[in-house]
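Accompanying notes for the structure given below.
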Amino acid sequence: MRVALDVPLPGLFDYRCEHSVAVGTRVIVPFGRRHMIGVVVETPAEPALDQASIKAVEQVLDDLPPLPADWLALAGFAAQYYQRPLGEVMLPALPASLRKVSAYQGPRSAGGPVRRSDKRRAAAPATVASEPAPNLNPQQAEAVRAIAAIQGHRTVLLHGVTGSGKTEVYLHAAQSVLERGGQVLFLVPEINLTPQLEQSLRSRLGGPEGPAALAVLHSGLAEGERLRAWLHAQRGQAQVLLGTRLSIFTPLPRLGLIIVDEEHDASYKQQDGLRYSARDLAVWLGRDRGIPVVLGSATPSLESWYHAERGHYLKLSLAQRAREVELPKIRLVDTRRLALQQGFSPQLLDALGARLEHGEQSLIFINRRGYAPVLSCSSCGWISQCPRCSAYTVLHRASGRMAGHRQRLHCHHCGYQAPPPAACPDCGDQDLRPMGRGTQRVEEHLAEFFPQARIARIDADSTRRKGSAAELFAQVHAGQIDILVGTQMVAKGHDFTNLGLVGVLNADAMLFAHDFRAPERLFAQLMQVAGRAGRHVRGGEVIVQTDYPEQPVYQALLRHNYAGFAQYSLAERESIGLPPYAYQALLTAEARELAVALEFLGRARKVLQDLAADCGASLALYDPIPLRVVRVANIERAQLLVESRHRPSLQACLALWMPRLPEAAEGMRVRYQLEVDPLEI
DNA sequence: AGCACGCCGACT
DNA sequence: GTCGGCGTGCTC
């Protein structure tokens with residue numbers, strides 16, 4: 001039999017076994033000096049290897065029924081598409097206790113916890129108050145009808161502005177699948193940000209026999225909880241599986257609908273190991289299972305918008321806000337000729353003052369944590385730098401009650417920390433100054449401008465302690481905070497009922513990121529953060545400070561015009577041949593010295609060039625280039641971008657290329673990884 | 001990736 | 001004398 005194992009080696013491994021074993025069965029096999037759990041994926045009559053080097057299976061695991069064929073097909077597709085060994089897809093997709101020999105405790109272990117949890121779960125629904133379903137507006141009703149009318153597979157792009165009631169459409173679509181006995185897979189970017197959604201699913205879905213059984217799956221769960229949810233779903237007991245990207249790999253025997261909320265969100269892309277996009281796999285899975293897939297967003301990815309415009313996806317729009325509150329008014333403040341006070345325009349300060357007077361809350365959004373992005377010498381221009389990375393260190397004010405105003409330099413790339421020097425290491429001058437502003441410094445300035453205001457800061461630093469994010473958000477919701485300062489953490493999900501004003505500082509920094517998706521991400525992020533304003537308060541307002549108000553992204557934002565922005569951006573992408581008009585793959589190399597990484601990529605490029613010529617595929621191969629932050633923790637990195645207008649050609653070439661990379665790395669101390677459909681280049 | 005083997009420096 | 005540094009080689 002041929003077994004998939006979680007090792008970074010291409011291909012499968014042959015083993016002997018006395019009795020016949022079904023494909024999809026887990027087995028314990030000897031591998032080198034180790035014992036590993038693998039998945040049987042083929043049972044060919046003849047092994048591909050000579051008999052002598054084949055070992056026997058040690059144990060056939062029968063604690064679970066074999067993994068189903070459709071699950072194996074999804075894993076197989078992902079392995080092929082993302083160019084990784086099958087075992088590296090299949091095994092990490094299973095809960096640890098199902099893939100680790102050390103955790104395996106015999107056939108009863110997997111059965112026990114679920115029965116216990118069923119008892120607990122059976123009692124839970126009584127405590128959940130049933131919410132009445134609000135009436136659908138005509139657009140919502142039309143969307144629900146259109147989704148219900150789908151026979152077999154169709155991907156739907158549900159484009160709905162913030163507050164237009166996409167969730168209501170999801171709930172109706174899910175309910176009708178549940179009534180036919182199907183299961184629903186509901187993907188969200190981050191589970192912690194959607195307690196309200198979980199609450200709605202629990203209280204609203206179900207029938208006369210009671211609420212629908214809901215399983216929740218995300219990486220923050222303890223192993224036992226994760227196993228329980230996975231088994232619940234795999235046995236068909238859970239009717240709804242709500243989870244983050246990893247949930248896409250859960251077997252769901254009666255899957256009838258997949259919903260991907262906030263489909264544009266980068267969290268759907270795994271950034272290490274198997275670099276899959278759960279959204280893209282959801283579309284593939286929907287097609288494979290012959291069921292509808294609903295992608296929802298206020299700011300769809302340009303890829304999804306493109307497919308919808310071309311008619312590949314069914315486009316459904318929710319243009320009006322469900323509740324009778326108008327969209328927030330967006331103002332661009334041109335900061336080029338303004339005298340700013342500590343980075344604040346007079347317009348923003350006035351607006352903050354006015355909201356304070358009215359007892360309304362405000363949010364200052366700045367996507368930069370810490371006190372100041374750099375510490376600099378005022379006489380010679382020295383700038384604080386990480387000794388291990390090609391990056392500046394960020395000045396932080398130490399946290400904790402006893403820390404006072406002590407400051408430290410932090411590297412955001414490698415975690416290096418050091419106290420700031422007393423004098424400039426280059427010229428000895430003692431006048432070292434923080435340059436620029438991060439959330440901590442903004443918080444400090446706001447306290448000076450508005451001494452009477454209650455100010456809170458929410459960023460990765462202030463929420464490091466487990467549960468502190470929830471605490472801070474609870475204070476905001478309880479009205480104990482007047483001004484909230486935060487990074488993108490505050491942009492997602494939260495429905496602030498008394499928030500009237502959003503101020504955006506330093507938005508331009510996101511435009512300068514020289515990634516071609518920067519404007520798209522900026523637009524999505526600003527729309528999202530703008531959506532926090534005036535959800536319940538009348539006269540909601542957003543003030544964006546910028547040096548480039550004429551930029552198309554800001555002009556589109558001003559008019560809440562996603563469609564216009566998408567049309568403009570797609571035309572631009574088409575004219576220069578970027579995704580979605582081209583398909584990309586990125587080979588990244590790491591070595592002690594940049595020259596080694598570049599040399600490897602140069603050789604790899606040559607190999608690919610020859611391969612493409614041989615099979616007549618037209619690929620665009622760029623020159624290997626150092627990453628923008630070339631050195632991180634003393635490792636230097638470079639990348640090679642490969643592009644094609646024709647996805648199958650790219651796929652075919654990558655499959656031929658991968659096995660030839662070891663020869664390109666011959667004699668070099670270099671590590672490399674390939675990313676298909678990279679989000680950042 | 002693990003986990004071996006293997007061949008050179010500083011310790012009881 | 002050996003404890004241990006990490007180079008390199010293999011795993012059905």
Side-chain angles (χ1 to χ4, degrees), chain A residues 1-61 66-67 72 75-76 78-80 82-104 219 246 249 270-276 388 587-593 595-597 599-600 603 632-637 658-675:
Chain A
M1 64 175 70
R2 314 210 74 205
V3 177
L5 294 173
D6 186 14
V7 287
L9 301 171
L12 302 169
F13 300 89
D14 283 350
Y15 288 90
R16 272 184 292 112
C17 190
E18 304 300 308
H19 8 266
S20 71
V21 173
V23 163
T25 304
R26 284 149 49 251
V27 289
I28 298 181
V29 294
F31 189 73
R33 258 141 270 243
R34 292 180 289 166
H35 305 273
M36 305 181 82
I37 290 185
V39 178
V40 177
V41 293
E42 286 173 28
T43 51
E46 292 292 321
L49 222 65
D50 63 291
Q51 208 63 37
S53 54
I54 294 181
K55 296 183 184 173
V57 166
E58 276 167 0
Q59 197 178 348
V60 176
L61 305 182
L67 291 154
L72 296 166
Q80 190 191 0
Y82 294 108
Q83 308 289 334
R84 305 290 299 204
L86 189 52
E88 272 198 274
V89 180
M90 286 188 171
L91 288 133
L94 300 175
S97 41
L98 298 178
R99 63 169 201 262
K100 286 193 170 162
V101 175
S102 56
Y104 180 74
S219 58
L246 59 93
F249 290 114
Q270 173 126 61
Q271 283 306 327
D272 51 72
L274 177 78
R275 298 181 163 233
Y276 65 95
R388 310 192 296 196
L587 183 64
T588 304
E590 301 179 340
R592 282 327 263 267
E593 289 169 5
V596 174
E599 168 66 14
F600 162 73
R603 290 190 204 171
V632 167
N634 288 326
I635 300 291
E636 306 203 301
R637 303 133 1 126
M658 280 290 100
R660 307 249 339 247
L661 288 180
E663 85 191 43
E666 190 89 59
M668 280 193 247
R669 296 181 64 187
V670 63
R671 291 159 49 96
Y672 57 85
Q673 57 188 11
L674 182 77
E675 179 168 7

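Please read all numbers here as calculations on a predicted model, not as lab measurements. Letters go in sequence order (proteins before strands), and every chain restarts at 1.
Atom CD of E593(A) is surrounded by 12 or fewer heavy atoms from other residues, nucleotides or ligands within 6.0 Å. Within 6.0 Å of CD on Q271(A) lie more than 12 heavy atoms contributed by other residues, nucleotides or ligands.
In this structure, Y15(A) contributes its side chain and I28(A) its backbone to no donor-acceptor pair below 3.5 Å. For R99(A) (side chain) and L94(A) (main-chain N/O), a donor-acceptor pair under 3.5 Å exists by modelled atom type.
Taking atom CD on E88(A) and atom C1' on dT11(C), their separation rounds to 14 Å, with Å as the unit. Counting to the nearest Å, the C1' atom of dC12(C) and the CG atom of L86(A) are 15 Å from each other. One can place NZ of K100(A) at 13 Å from C1' of dG2(B), the figure rounded to the nearest angstrom. Distance, K55(A) NZ to dT11(C) C1': 7 Å, rounded to whole Å. Atom-to-atom, CE of M668(A) to P of dT8(C) comes out at 14 Å; the value is rounded to the nearest Å. What separates CG of D14(A) from P of dC12(C) is a distance of 11 Å, to the nearest Å. Taking atom CZ on F13(A) and atom P on dC10(C), their separation rounds to 14 Å, with Å as the unit. Protein atom CG of D6(A) is 16 Å distant from nucleotide atom C1' of dC3(B), rounded to whole Å.
Among the nucleotides dT11(C), dC12(C), dG7(C), the one closest to any side-chain atom of R669(A) is dG7(C). Of the candidates dC12(C), dG7(C), dA1(B), dA1(B) carries the atom nearest the R671(A) side chain, counting heavy atoms from C-beta on.
Among the protein residues, L5(A) comes within range of no part of the nucleic acid, since none of its heavy atoms lies under 4.0 Å from any strand.
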Q: Would you sort out whether T25(A) and M1(A) count as a side chain to side chain contact (heavy atoms under 4.5 Å, CB included), showing the intermediate values?
A: CA-CA 11 Å; T25(A) 304; M1(A) 64 175 70; over 6 Å; no

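For DNA chain C, the neighbouring residues in residues 25-39 of chain A, judged by any heavy atom under 4.0 Å, are P30(A), F31(A), G32(A).
In this structure, the side chains of E88(A) and L274(A) stay at 4.5 Å or more apart for every pair of heavy atoms.
Residues G273(A) and R84(A) share a closest heavy-atom pair of O-NH1, 3.9 Å.
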